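On a predicted model such as this, the values are computed, not experimentally measured, just so you know. Throughout, protein chains are lettered first and strands after them, A, B, ... in sequence-line order, and every chain is numbered starting at 1.
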Amino acid sequence: MKIYNTLSGKKEEFVPIEEGKVKMYVCGPTVYNFIHIGNARPMVFFDTVRRYLEYRGYEVNFVSNYTDIDDKIIKAANDEKVDCSVISDRYIMECKRDAEGLNIREANTHPKATEEIPEMIEMIETLIKKGHAYAVEDGTVYFKTKSFKEYGKLSHKNLEELQEGHRRLLVAGDSKKDPLDFVLWKPKKDGEPGWESPWCSGRPGWHIECSCMAKKYLGTQIDIHGGGEDLVFPHHENEIAQSEAGNGVTFAKYWMHNAFLNIDNKKMSKSLGNFFTVRDISRKYDLNILRFFLLSAHYRSPVNFSDELMESAKSGWERINNAYIALQEYAGENSEISGEVIKKIEEIKVSFNNAMDNDFNTADAVASIFDLVRFINTALRSGLSSKSCETLKAALTKLCDVMGIRLILPDSELDGQIQELIDKRQAARKNKDFNEADRIRDELLEMGIVLKDTREGVKWSRV
RNA sequence: GGCGCCAUAGCCAAGCGGUAAGGCAAAGGUCUGCAACACCUCUAUCACCGGUUCGAUUCCGGUUGGCGCCUCCA
């Protein structure tokens with residue numbers, strides 16, 4: 001299995017620290033609002049990575065945090081005149097609802113920054129003791145960037161370049177000794193929540209949160225650390241500095257970063273008016289479709305979002321689901337499984353695994369699923385044994401499950417009224433009264449019921 | 001200014017040294033009262049210019065055009 005490692009800029013063979021086990025940490029959202037579809041990309045992708053690793057037999061310990069204290073949350077809380085926890089708890093709940101719709105499994109642990117403050121203080125103390133951090137008069141604690149020799153190794157920047165960069169890193173009035181230094185702890189301002197610490201009543205800097213939570217729940221050395229590509233610098237670079245300076249060992253072995261989701265090839269932003277939350281999309285599409293769409297491109301390539309592309313994804317997903325439904329409803333003669341079926345499934349599994357082993361090439365993996373779908377549809381036409389049918393269904397279900405793609409069976413619970421209308425239409429069709437038959441079909445459509453006349457009779461499903 | 005990424009059919013998207021997977025859309029056909037589903041058929045010399053090579057979409061250099069990070073951000 002090969003994984004592209006941002007650290008080396010290359011695909012590397014994946015070798016876990018401990019055989020058979022994978023420890024992974026993915027930076028979660030800051031919960032000040034509903035998550036947007038850009039947030040959904042890493043969530044869906046890393047959930048898929050986790051599912052695949054488990055499918056390949058690894059025991060995965062997956063940790064993803066919620067940043068539940070930051071400027072935006074404080075602002076939202078002040079606007080609503082409530083406690084920060086009201087805002088963060090609310091959006092954590094909403095985030096979980098969206099995650100469920102996207103078929104994202106709960107992490108083994110979902111730590112919240114505010115519940116890990118003592119550990120953060122302890123880590124900051126260690127950094128000060130080791131000479132990697134210092135406190136200034138107002139109680140702010142900074143990380144001494146230059147004290148960590150390898151700073152820049154993840155984002156492939158060197159300290160000189162950073163200092164000579166166009167942008168000014170030193171904000172006026174800052175009390176840091178070096179413009180490159182970053183905050184570990186900052187004093188609270190009026191109207192802000194604070195926690196007592198040896199330096200002042202205040203709150204942790206963003207970067208220390210992740211270093212701390214990863215250490216507490218996974219240990220000082222982890223296998224995979226993931227997040228959006230915008231986090232490479234400075235967030236992850238700073239995490240490395242803090243963790244490695246503090247713990248004295250290499251922090252994460254593989255750093256994975258997903259590219260952005262754009263709208264009309266532009267970065268999604270509120271000011272451009274092209275900002276969509278996952279909840280917005282859920283009103284128009286089953287979130288399963290959003291997930292399928294997100295998986296149709298490689299995670300390191302930017303992906304463009306649009307209505308047209310979603311429609312295309314919807315049709316594609318339906319093709320897969322239709323094959324699943326057809327298998328479900330197929331009544332084959334009970335006989336031996338065909339050798340051809342076994343061979344095909346083996347072939348598909350090899351191509352699927354190869355795709356995913358190659359730095360999680362989900363687009364290629366989906367192509368393998370379509371390959372299976374075509375085989376199923378063709379086999380179904382020429383007839384197959386019930387055993388073959390079951391085997392194919394199990395294979396399809398398995399692969400879709402690894403991708404987190406939901407397969408949905410139409411409601412089998414027949415509403416009496418619906419059945420009555422269907423019977424009436426069938427009678428009309430028999431009498432060749434097609435006007436009446438179509439009228440009833442339209443009526444059912446209005447009720448959200450779609451009919452299909454197949455060789456095996458009338459099939460219906462909800463829109 | 002620094003660092004980096006990308007350019008493949010109408011749209012989306014794999015491949016990354018041996019003459020191009022897959023999906024959507026469109027078209028023709030089979031099936032069907034019609035529709036839907038499904039099946040079959042059909043659509044590309046891979047931005048441009050040089051170089052390396054027996055051979056390049058795949059490697060190197062350049063050009064053009066997009067984009068990202070360097071600042072809160074998935």
Side-chain angles (χ1 to χ4, degrees), chain A residues 6 9 26-30 32 35-46 67 70-72 152 155-158 160-169 171 206 226-235 237 257-262 265-270 292-293 296-306 308-323 325-326 351 355 358 361-371 373-374 376-382 428-430 432-435 437-438 441-442 445 450-455 458-461:
Chain A
T6 306
V26 176
C27 292
T30 298
Y32 64 98
I35 57 165
H36 59 251
I37 54 178
N39 289 304
R41 171 112 106 144
M43 286 169 67
V44 165
F45 174 66
F46 289 107
T67 294
D70 98 313
D71 291 344
K72 286 177 188 162
S155 51
H156 305 108
K157 298 175 189 302
N158 61 55
E160 283 166 26
E161 278 167 0
L162 282 168
Q163 278 179 315
E164 288 164 8
H166 248 207
R167 305 204 179 228
R168 296 195 56 206
L169 285 154
V171 180
W206 175 37
E229 66 179 351
D230 55 321
L231 298 184
V232 173
F233 189 91
H235 189 237
E237 195 69 72
H257 299 276
N258 63 277
F260 267 54
L261 175 146
N262 298 131
N265 293 310
K266 291 244 158 45
K267 190 165 164 173
M268 178 167 64
S269 76
K270 284 183 177 156
F292 182 69
F293 164 74
S296 71
H298 187 91
Y299 78 96
R300 282 189 289 111
S301 303
V303 67
N304 210 220
F305 180 90
S306 73
E308 192 192 347
L309 263 14
M310 279 298 283
E311 284 300 328
S312 168
K314 188 181 177 190
S315 300
W317 173 78
E318 278 171 351
R319 179 174 167 77
I320 296 171
N321 204 242
N322 281 336
I325 293 171
S351 65
N358 184 200
N361 192 331
T362 55
D364 242 358
V366 168
S368 292
I369 291 177
F370 277 115
D371 194 5
V373 165
R374 165 165 253 120
I376 288 169
N377 286 332
T378 305
L380 245 23
R381 302 181 104 227
S382 48
R429 289 178 74 203
K430 205 164 247 173
K432 300 223 185 300
D433 183 358
F434 297 121
N435 281 336
D438 289 350
R441 183 165 59 190
D442 288 344
L445 187 61
V450 181
L451 296 186
K452 274 195 249 178
D453 297 324
T454 71
R455 288 181 194 78
V458 188
K459 297 282 165 64
W460 68 280
S461 59

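Phosphate contact (OP1/OP2 of C73(B), side-chain N/O of N39(A), threshold under 4.0 Å): absent. Checking the phosphate oxygens (OP1, OP2) of C39(B), a side-chain nitrogen or oxygen of N377(A) falls inside 4.0 Å. Considering only side-chain N and O atoms, R381(A) lies nowhere under 4.0 angstrom from the phosphate OP1 or OP2 of C40(B). Taking side-chain N and O atoms only, K266(A) has no distance below 4.0 Å to OP1 or OP2 of G66(B).
Partners of H298(A) by ring pair (Phe, Tyr, Trp, His ring centres under 6.0 Å), not counting sequence neighbours: none found. Considering only residues two or more places apart in sequence or on other chains, R300(A) meets the salt bridge (charged side-chain N to carboxylate O under 4.0 Å, His left out) condition with D359(A). The side chain to side chain donor-acceptor pair (under 3.5 Å) search around S312(A) returns none, not counting sequence neighbours. Partners of R41(A) under the side chain to side chain donor-acceptor pair (under 3.5 Å) rule, at least two apart in sequence or in another chain, do not exist in this structure. The ring pair (Phe, Tyr, Trp, His ring centres under 6.0 Å) search around F46(A) returns none, not counting sequence neighbours. Applying the side chain to side chain donor-acceptor pair (under 3.5 Å) rule to D71(A) yields the partners R203(A); only residues at least two apart in sequence or on another chain are considered. With sequence neighbours left out, D433(A) forms a salt bridge (charged side-chain N to carboxylate O under 4.0 Å, His left out) with no residue at all. The salt bridge (charged side-chain N to carboxylate O under 4.0 Å, His left out) test applied to D70(A) returns no partner, not counting sequence neighbours. For S155(A), the side chain to side chain donor-acceptor pair (under 3.5 Å) criterion is met by E237(A), not counting sequence neighbours.
Within 4.0 Å of K432(A), counting heavy atoms only, lies no atom of the nucleic acid at all. Counting non-hydrogen atoms under 4.0 angstrom, G227(A) reaches the backbone sugars and phosphates but no base. Residue contacts for L451(A): at a heavy-atom cut-off of 4.0 Å it reaches a base atom on one of the strands shown. At the heavy-atom level, L261(A) lies under 4.0 Å from base atoms of the strands shown. Residue contacts for H298(A): at a heavy-atom cut-off of 4.0 Å it reaches the sugar-phosphate backbone alone, with no base atom in range. Contact annotation for R441(A): base contact, defined as any heavy-atom pair under 4.0 Å involving a base atom.
With A14(B), C73(B), G23(B) as the choices, the nucleotide that has an atom nearest any side-chain atom of K267(A) turns out to be C73(B). The nucleotide whose nearest atom lies closest to any side-chain atom of T378(A) is, among A21(B), C39(B), C72(B), C39(B). Relative to the side chain of L309(A), the nucleotides G68(B), C11(B), C40(B) differ in distance, and C11(B) lies closest. The side chain of D453(A) sits closest to C34(B) out of C40(B), A36(B), C34(B). Distances from the side chain of R429(A) to the nucleotides C34(B), C72(B), A13(B) place C34(B) closest. The side chain of F233(A) lies closest to C69(B) when the candidates are C69(B), G68(B), G33(B).
The minimum heavy-atom distance between A365(A) and A355(A), with the atom names listed, is N-CB, 3.6 Å. Contact between R429(A) and F434(A) at its shortest, heavy atoms only, is O-CE2, 4.0 Å.
Comparing the same atom, P, in G23(B) and in A13(B) gives a spacing of 16 Å after rounding to whole Å. The separation of C42(B) from A21(B), taken at their P atoms, amounts to 13 Å, rounded to a whole angstrom. The same atom, C1', is picked in A47(B) and in U53(B); the two are 23 Å apart, to the nearest Å. If you take atom C1' in G17(B) and the same atom in U57(B), they sit 10 Å apart, rounded to whole Å. Of the P atoms belonging to G22(B) and G28(B), the separation is 22 Å, rounded to the nearest Å. Separation of the C1' atoms belonging to U45(B) and C31(B) is 37 Å when rounded to the nearest angstrom. Nucleotides A36(B) and C46(B) place their C1' atoms 36 Å apart, quoted to the nearest Å. Taking the C1' atoms as reference points, C60(B) lies 7 Å from U52(B), given to the whole Å.
Note: L309(A) CG to F293(A) CZ = 5.0 Å, rounded to the nearest 0.5 Å. Atom OG in S296(A) sits 12.0 Å away from atom CG in D364(A) (nearest 0.5 Å).
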Could you write out each protein N or O paired with an N or O of nucleotides 24-26 of chain B at a distance under 3.5 Å?
residue: C24(B); atom: O4'; partner: S312(A); partner atom: OG; Å: 3.4

Expected rows: protein N/O vs nucleotides 5-9 of chain B N/O, under 3.5 Å:
none

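As a whole-Å value, the separation of K157(A) NZ from G1(B) P is 16 Å. What separates CZ of F434(A) from P of C34(B) is a distance of 8 Å, to the nearest Å. Distance D438(A) CG to G33(B) P: 12 Å, rounded to the nearest Å. Remark: C1' of C3(B) and CG of D230(A) are 16 Å apart, rounded to the nearest angstrom. Atom-to-atom, NZ of K314(A) to P of C12(B) comes out at 21 Å; the value is rounded to the nearest Å. The interatomic distance linking D70(A) (CG) with C72(B) (P) rounds to 11 Å, in whole Å. Rounded to whole Å, atom P of C67(B) lies 9 Å from atom CG of N262(A). As rounded to whole Å, 8 Å separates atom C1' of A74(B) from atom CE of M268(A).
Where F260(A) and N322(A) meet RNA chain B, the nucleotide closest to each residue was compared, and N322(A) sits on the side nearer the 5' end.
You'll find the side chain of V450(A) reaches within 4.5 Å of the side chain of L445(A), heavy atoms only.
Within the 3.5 Å criterion, the main-chain N or O of I35(A) finds no donor-acceptor partner in the side chain of N39(A).
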### Query
Tell me, what's RNA chain B's dot-bracket, Watson-Crick or G-U with both distances under 3.5 Å, | for other-strand, [ ] crossing?
(((((((..(((.....[...)))..((((.......)))).....(((((..]....))))))))))))....
